[in-house]
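Please read the structure below before turning to the comments.
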Amino acid sequence: QVQLVESGGGLVQAGGSLRLSCAASGRTFSNNWMAWFRQAPGKEREFVAGIYWSAAMTSYADSVKGRFTISRDNAKNTVYLQMNSLKPEDTAVYYCAAAATGLYSDYTTYNYWGQGTQVTVSS
């Protein structure tokens, strides 16, 4: 059974930084996209950042470009999301997703999801 486990969320002040981790087990995803999505209260789940594992291609939502960086560690089978210059608008539950079967930025195309980790940014 594939499992994705997120960690690294927490409470930070605006302008601060956090690094989220997503450890994958159960299979490899070398030929698939992995991504971070987030969902704030009353809002739809939205794409944050994605990475194509084998090619290290990345994509970012416009709202986080220049502030967030997605990366991966092949040896640890882990994807990271480095979040800098955090804003209160970034407050959400962040989810790791793996193995997109369609458009990488569409959450409905992903087969596997982590449990989510809360990120709260205070002003």
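Bear in mind that the values here come from a model prediction, so they are computed numbers and not experimental data.
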Pairwise distance CZ(F47) to OH(Y107) - rounded to 0.5 angstrom: 15.0 Å
Stepwise side chain to side chain contact (heavy atoms under 4.5 Å, CB included) check, D90 with M83: CA-CA 9 Å; D90 296 317; M83 305 185 294; over 6 Å; no
Sub-6.0 Å ring centroid separation between W33 and Y52: yes
Counting only pairs under 3.5 Å, give me each side-chain donor-acceptor contact of residues 9-20, with atom names and distances, residues two or more places apart or in other chains.
| residue | atom | partner | partner atom | Å |
| --- | --- | --- | --- | --- |
| S17 | OG | N84 | OD1 | 2.9 |

Test item: F68 and V48 side chains (from C-beta on) under 4.5 Å apart, heavy atoms: yes
Any F37 side-chain heavy atom under 4.5 Å of W113 side chain: yes
Sequence-distant partners of T109, side-chain hydrogen bond (donor to acceptor under 3.5 Å, both in side chains), two or more places apart: none
Atom pair SG (C22) and CH2 (W36), whose distance is rounded to the nearest 0.5 Å: 5.0 Å
All side-chain hydrogen bond (donor to acceptor under 3.5 Å, both in side chains) counterparts of S122, not counting sequence neighbours: none
Working for side chain to side chain contact (heavy atoms under 4.5 Å, CB included), residues Y95 and L4: CA-CA 9 Å; Y95 298 92; L4 303 176; over 6 Å; no
Rounded distance [0.5 Å steps], OH in Y110 versus SG in C96: 9.5 Å
side-chain hydrogen bond (donor to acceptor under 3.5 Å, both in side chains) contacts touching residues 40-49 (sequence neighbours left out): R38-E46, Q39-R45
Y104: partners by side-chain hydrogen bond (donor to acceptor under 3.5 Å, both in side chains), with sequence neighbours left out: S59
Separation of L81 CG from I51 CD1 (nearest 0.5 Å): 10.5 Å
Partner residues of D73 under the side-chain hydrogen bond (donor to acceptor under 3.5 Å, both in side chains) criterion, sequence neighbours left out: none
T117 side chain vs Y94 backbone, donor-acceptor pair below 3.5 Å: no
Validation row: R72, M34 side chains within 4.5 angstrom (heavy atoms): no
Smallest separation among heavy atoms of T78 and S21, with atom names: CG2-CB, 4.3 Å
For L86 against R67, the heavy-atom pair lying closest together: CA-NH1, 3.9 Å
Where A92 and Q118 come nearest, the two heavy atoms and their spacing: O-NE2, 3.4 Å
Cluster overlap Y80 with V119, hydrophobic side-chain contacts below 4.5 Å: no
Check ion pair D62-K65 (N to O, under 4.0 angstrom): yes
